[in-house]
Amino acid sequence: MKGQKTGGRRKGTPNKDNPLKGYLRAHSLSYFEPKPQIDTQGNPRKIDFTDKDGIILDTVILRNPDGSPRIMSDFDVDMLTMQANERVSAELRLLEFHTPKMKAVEVDMDMRASVITIEDRLRALCGETESEDENEYGD
């Protein structure tokens with residue numbers, strides 16, 4: 001029965017739900033979703049910037065000028081705490097999921113064509129050969 005479907009899923013049938021994928025998707029969405037950055041007491045969240053030895057260099061409180069907690073995603077907070085080179089690396093890794101990867105294309109070109117002049121092409125179109133042309137002009 002060529003051309004007719006005899007088994008398998010019907011057209012338009014959705015894929016089965018995978019509970020693990022659903023959990024990971026929900027977790028990822030909440031990580032990128034903007035929300036008020038508050039600590040356990042409901043105050044604006046504080047971020048400590050430390051050096052490689054763990055010494056606190058600076059503390060930033062995530063609040064707006066009016067004192068309310070700043071609304072930003074956990075991803076944005078994490079990016080804020082990273083060094084510049086770490087941020088670039090993270091952004092590049094994330095871009096891999098949004099841009100298609102280019103495949104290398106190998107081209108094997110072999111030129112075995114002979115060079116044909118315009119005069120040769122015109123002679124061929126008229127049905128003449130080079131020897132007939134030479135005799136005509138007395139060469």
Next on the checklist: Quick check: closest heavy atoms across Ile38 and Pro69, and the distance to 0.1 Å?
Outcome noted: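 Between these two residues, the closest heavy atoms are CG2-CG, 3.4 Å.
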
What are the two closest non-hydrogen atoms of Lys35 and Asp74, and how far apart are they?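 Minimum heavy-atom separation between Lys35 and Asp74: NZ-OD2, 3.2 Å.
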
Between [Y] and [X], is there a side-chain heavy-atom distance shorter than 4.5 Å?
| X | Y | answer |
| --- | --- | --- |
| Lys46 | Ile61 | yes |
| Asp58 | Ile56 | no |
| Met72 | Leu62 | yes |
| Leu80 | Phe49 | yes |
| Arg123 | Asp120 | yes |
| Val105 | Val107 | yes |
| Thr50 | Leu57 | no |

Apply side-chain hydrogen bond (donor to acceptor under 3.5 Å, both in side chains) to residues Thr81 and Asp78 and explain how you reach the verdict. CA-CA 5 Å; Thr81 61; Asp78 288 344; 4.8 Å; no

**Polar contact flag, side-chain donor to acceptor under 3.5 angstrom, Ser68-Asp66** =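 Yes - a donor-acceptor pair under 3.5 Å links their side chains.
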
- Would you say the side-chain atoms of Ser89 and Arg93 include a donor-acceptor pair closer than 3.5 Å?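 Yes, a side-chain donor-acceptor pair sits under 3.5 Å.
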
Looking at [X], I'd like to know if its [atom1] atom is crowded, meaning that more than 12 non-hydrogen atoms belonging to other residues, nucleotides or ligands lie closer than 6.0 Å.
| X | atom1 | answer |
| --- | --- | --- |
| Arg87 | CZ | yes |
| Arg70 | CZ | yes |
| Asp17 | CG | no |
| Leu95 | CG | yes |

_Separation between CG of Asp48 and CD1 of Ile55, rounded to the nearest 0.5 Å_ =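 Answer for the CG-CD1 pair, Asp48 versus Ile55, is 13.0 Å.
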
Notebook entry, point to check: CG/Leu122 to CD1/Ile116 distance, rounded to the nearest 0.5 angstrom?
Noted result: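 It comes to 11.5 Å.
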
Examine distances only and state if a side-chain atom of [X] and a backbone atom of [Y] form a donor-acceptor pair shorter than 3.5 Å.
| X | Y | answer |
| --- | --- | --- |
| Gln37 | Pro44 | no |
| Glu86 | Gln83 | yes |
| Asp51 | Asp53 | yes |
| Asn64 | Gly67 | no |

Exercise. Hey, what's the ring geometry for Phe32 with Phe75, parallel, tilted or perpendicular (30° and 60° as the breaks)?
Worked result: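 The arrangement is tilted - the two ring planes meet at 30° to 60°.
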
TODO: Give the cluster check for Ile71 versus Val77: same hydrophobic cluster or not, with ILVMFWY residues linked at side-chain heavy-atom distances below 4.5 Å.
DONE: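 Shared cluster, no.
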
Between Leu94 and Met79, is there shared hydrophobic-cluster membership here, with clusters defined by ILVMFWY side-chain heavy atoms closer than 4.5 Å?
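Looking at the clustering, Met79 is in the same group as Leu94.
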
